[in-house]
Amino acid sequence: MEDQRFFERLEKETGVAMNAVQKEAICHPEGPLLLLATPGAGKTTVLNARILYLILRRGVNPENILALTFSKAAAKEMDVRFRQLYGQFVKQGIRFSTIHGFSYSIVRRYFQEKRITFSLIENEQGINSKNAVLKRLYQSINQTILTEDKLEELANAICFIKNSMMPITKVGKLDTKIKDLRLIYNAYENYKKTAHPGVILIDFDDMLSLANSILDENPDILISYQKQFPFVLTDESQDTSIIQNEIIEKVANLNNNLFVVGDDDQSIFGFRSANPKYLLDFKTLHPNARILMMEQNYRSTPELVKVTNTFISGNKQRYVKAMFSKNPSNKTILIKSFEYDYQQLSYVIEELKKKETLAQTALLYRNNASAINLIDHLEGADLAFYVRDSGYKFFNHWVIKDILNFMRLSYSDKNVRILEMIYTKFNSYISKQQIEYLKNQDQTKSVFDHLAALSDLPEFRKKNLQEMKRQFKKLNGMKPLDAIRFIRKELHYEKELEEICERLGLSLEACRGILTTLENIAQGMKTLKDFADRLKHLEQLMRESAVHRDVNAVTLSTLHSAKGLEFESVYMLDLVDGILPNVESIKSAEKNKTDSLEEERRLFYVGMTRAKKDLTLLTVENLNDQDVIESQFVREVREILLPGSTQAGNKTVGLTTFKMEKGADIRHKAFGIGRITVIDVKEDMLEVNFRKLGAKQFSLKVCLEGKLVSSVL
């Protein structure tokens, strides 16, 4: 009766009405509870109402409640929503915190008690900044410069090691392309201990590992936190890593009042060691735990809910849920296929122009690079936009710097410093010793003339240097688009790029994608200066887009950053195999290792479930000048919408796998992507129906031995 009056008062004074499952979770008596909340089920509302219930109905002091979530934004949102809805009932502040923030308070308290001086390496600047240190250590150990994209991979690897509590002996076995990772990791850890005598440097991930160790090794500190917080609530629990779960479990262990809210189907941060295993094993860890499911989706239409519910059921490592919606019906999911990526962009722009308001529309994509073409087109169409990932370093990528340096050298071939940055990236045959020689020469004379004047240089090399001088002069007079293509092909930059990517373990496709993006931006421009200015302008637009956050602007976001958001209309772009799902997950699935492919499916699911009414999936046949195949996830959705519409029916066909069998898609070196229509080993005959050229016949033996055909990826 008292609980009933609690909910009646809640609805009367706040307008918030709860369904039966939500009420059951809010009124949970004691002990551990796992609340699985499907998208749009109102999980934050329930978690906040649970806190209010503990205070008003159970008489719990707000100081004894610890509410944890993963991100600062989520913690702030929980705090703001609690005060807006329930501030009239509870004047005292609630401890809404990120797990990192809570861990930091443990570390700070311990270090202060022990009189240990510490500082965050993230606060260091210049040559002492974390990125600068990692670059220096990498270069020292590997004798190779660390690129920006490789730096991100290294930082993610260190984050994963700490968050997964990986023993140092197993670091070398981590699936990564970072050479000598264990040596770099050890050097980094040693640097933090010795860089500033008397001061320990720690990074954000150290907050977790140190807090966990402090709680393990200091029972008095652990018991103090257990007594202070007899009630622990966690939101977004699918995002927590192994070490974060360890910390939460330790603090909650004494009273065992652990209220866990999450969705195993939205676990998408595997690179940070987050995975749904903690939620899936919750009953094993807590045999007396209750598990409740909030399956009503208040966000989306029944049509969207039905399709997304069926789609995510393709994963095996999950709780089976029956998500449903009582919202009004609307049109179903739209799938649009285009031959080229520029047609996809044109379609999106025209769709946005039709809308009366843009504030409830989102353009979602897997990789940040997709945002650049969008920004270019949106500004051209005078459409306002907000980029959630405005801190992205696309414009500082080394490939872009290379292209700009080629152009700068074409303006003045007297600049040794610029030549030094690119001499290994085209067919210059210039040595490091010659670069050092040039630094001591007259800087008003062409670098190529200086080198051609060397007495010990063969005559053919002197001619080559003069030819280079002519090529750069020719480059200076070109239009930007022609210049980029000239750099790629005639100066052999793309050939060198292949070798660099292979040597450093970088993605050649991603680098080519950047070059194609630059070509798209260069379309119609007259001078190289116009092109350089346009890049600066686009970068400025991206940074300034934050001011459009609360105005009538379309939102641009990666799928990862979009989690937790909702929009009336959602467009998901660049949905091709190799991007979503990514290459690594497809290759792993071919070896019957499906964990990463399941996470890719969850990422696709997160994107789809951001939509309230309209969802459009966009796919292309040619992306970044490469023939591609639509995402296998798009094919699955099409099959759900129209059973029997795909060639494979209900059977999933791995079109990205290199299979020499009828119906398989392959890539021919000369003719692009095609589908095998006939394969006859006895007659040594292979017939392929190509997208653009139709049917062609080949010698099967010649194709295989000459490696003329390969996987689509």
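The residues of the chain are indexed from 1 along the displayed sequence. Side-chain atoms are counted along with the backbone in the values below, which use heavy atoms only and exclude waters and symmetry mates.
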**Item:** Interatomic distance, His196 atom NE2 to Tyr191 atom OH [nearest 0.5 angstrom]
**Value:** 5.5 Å

**Message:** Within the 4.5 Å heavy-atom criterion, are Leu201 and Tyr188 side-chain neighbours or not?
**Reply:** no

**Message:** Using a 3.5 Å distance criterion without hydrogens, assess whether the side chain of Ser97 forms a donor-acceptor pair with backbone atoms of Arg95.
**Reply:** no

**Complete:** dist Ser561:OG -> Tyr365:OH (nearest 0.5 Å) comes out at 8.0 Å

**Prompt:** Which of parallel (below 30°), tilted (30 to 60°) and perpendicular (above 60°) describes Phe89 and Tyr86?
**Reply:** tilted

**Asked** Are Arg512 and Glu509 close enough, and set up right, to give a salt bridge (charged side-chain N to carboxylate O under 4.0 Å, His left out), and what steps lead you there?
**Response** CA-CA 5 Å; Arg512 280 177 173 158; Glu509 289 73 21; 5.2 Å; no

**Message:** Is it the case that over 12 heavy atoms from other parts of the model lie below 6.0 angstrom from the CD atom of Glu113?
**Reply:** yes

**Straight-line distance of Asp79 CG to Thr69 OG1, nearest 0.5 Å** = 12.0 Å

**Message:** Would Phe282 and Leu36 count as a side chain to side chain contact (heavy atoms under 4.5 Å, CB included) here? Give the steps.
**Reply:** CA-CA 11 Å; Phe282 196 77; Leu36 295 166; over 6 Å; no

**Asked** Are any non-hydrogen side-chain atoms of Met165 and Glu246 less than 4.5 angstrom apart?
**Response** yes

**Prompt:** Around atom NZ of Lys277, are there more than 12 heavy atoms of other residues, nucleotides or ligands at under 6.0 Å?
**Reply:** no

**Request:** Could you give me the CA-CA distance, side-chain angles and deciding distance for Leu120 and Ile202, then say whether side chain to side chain contact (heavy atoms under 4.5 Å, CB included) is met?
**Result:** CA-CA 5 Å; Leu120 288 174; Ile202 66 172; 3.7 Å; yes

**Side chains of Ser71 and Glu236 in contact at under 4.5 Å (non-hydrogen atoms)** = no

**Request:** Look only at the side chain of Asn415 and the backbone of Ile418, and say whether a donor-acceptor pair between them is shorter than 3.5 Å.
**Result:** yes

**Minimum side-chain heavy-atom gap Phe111-Leu210 below 4.5 Å** = yes

**Item:** Closest non-hydrogen atom pair between Pro581 and Glu600, with its separation
**Value:** CA-OE1, 3.3 Å

**Message:** Show the nearest heavy-atom pair for residues Thr98 and Leu68, with the distance to one decimal.
**Reply:** O-CD2, 4.0 Å

**Message:** If we ignore hydrogens and angles and just use 3.5 Å, is the side chain of Asn368 paired with the main-chain N or O of Thr558 as donor and acceptor?
**Reply:** no

**Asn275 versus Ser267, side-chain donor and acceptor atoms under 3.5 Å** = no

**Message:** Show the nearest heavy-atom pair for residues Leu541 and Glu379, with the distance to one decimal.
**Reply:** CD1-CD, 3.4 Å

**Request:** Please step through side chain to side chain contact (heavy atoms under 4.5 Å, CB included) for the pair Ser237 and Val260, ending with a clear verdict.
**Result:** CA-CA 7 Å; Ser237 300; Val260 173; 3.2 Å; yes

**Message:** With a 3.5 Å distance limit and no angle check, can you tell me whether Asn64 reaches the backbone of Gln228 through a side-chain donor-acceptor pair?
**Reply:** yes

**Message:** Closer than 4.0 angstrom, basic N to acidic O: yes or no for Arg417 and Glu420?
**Reply:** no

**Prompt:** Looking at Arg602 and Asp264, what are the two nearest heavy atoms and their distance?
**Reply:** CD-O, 3.2 Å

**Phe231 side chain near Ile51 side chain, heavy-atom distance below 4.5 Å** = no

**Asked** Between Glu249 and Tyr278, do the side chains contain an N or O donor and an N or O acceptor separated by less than 3.5 Å?
**Response** yes

**Asked** Are the side chains of Asp265 and Thr609 in touch, meaning some heavy atoms are under 4.5 Å apart?
**Response** no

**Request:** Before accepting this row, confirm whether a basic side-chain N of the pair Lys192/Asp203 lies closer than 4.0 Å to the acidic partner's carboxylate O.
**Result:** yes

**Fill in**
For Met207 and Ser103 the tightest heavy-atom approach is O-CB, 3.5 Å

**Message:** Between Asp239 and Arg272, does any side-chain N to carboxylate O distance fall below 4.0 Å?
**Reply:** no

**Prompt:** Is the gap between the ring centers of Tyr104 and His100 under 6.0 Å?
**Reply:** no

**Asked** Looking at CG of Leu603 and CZ of Phe269, how far apart are the two atoms once the value is rounded to the nearest 0.5 Å?
**Response** 8.5 Å

**Request:** Check for a donor-acceptor pair, side chain of His377 on one end and backbone N or O of Asn373 on the other, with a separation under 3.5 Å.
**Result:** yes

**Ion pair check, Glu77 and Arg81, cut-off under 4.0 Å** = yes

**Asked** Would you find more than 12 non-hydrogen atoms of other residues, nucleotides or ligands less than 6.0 Å from Leu565 atom CG?
**Response** yes

**Message:** Can you give me the closest heavy-atom contact between Lys425 and Tyr493, atom names plus distance?
**Reply:** O-CD1, 3.3 Å

**Prompt:** Between Glu539 and Arg543, is there a salt bridge with N-O shorter than 4.0 Å?
**Reply:** yes

**Asked** How about Ser224 and Arg109: does a side-chain donor come under 3.5 Å of a side-chain acceptor?
**Response** yes

**Asked** Does Arg366 use its side chain to pair, donor to acceptor, with the backbone of Leu580 at less than 3.5 Å?
**Response** no

**Asked** Can Lys130 and Glu122 be counted as an ion pair, charged N to O under 4.0 angstrom?
**Response** yes

**Message:** To the closest 0.5 Å, what do you measure between CZ (Phe395) and CG (Leu535)?
**Reply:** 6.5 Å

**Message:** Pair Leu364, Thr555 - check side chain to side chain contact (heavy atoms under 4.5 Å, CB included), show working.
**Reply:** CA-CA 8 Å; Leu364 307 182; Thr555 297; 5.9 Å; no

**Request:** Please round to the nearest 0.5 Å and tell me the distance separating atom CD1 of Ile248 and atom CD1 of Ile99.
**Result:** 3.5 Å

**Prompt:** Under 4.5 Å between any side-chain heavy atoms of Leu85 and Leu52, yes or no?
**Reply:** no

**Asked** Can you tell if the side chain of Lys162 reaches within under 4.5 Å of the side chain of Glu189, non-hydrogen atoms only?
**Response** yes

**Message:** Can a donor-acceptor pair be found, under 3.5 Å and without considering hydrogens, that links the side chain of Ser213 to the backbone of Ser209?
**Reply:** yes

**Message:** For a quick check under 3.5 Å, do Asn163 and Ser241 share a side-chain donor-acceptor pair by atom type?
**Reply:** yes

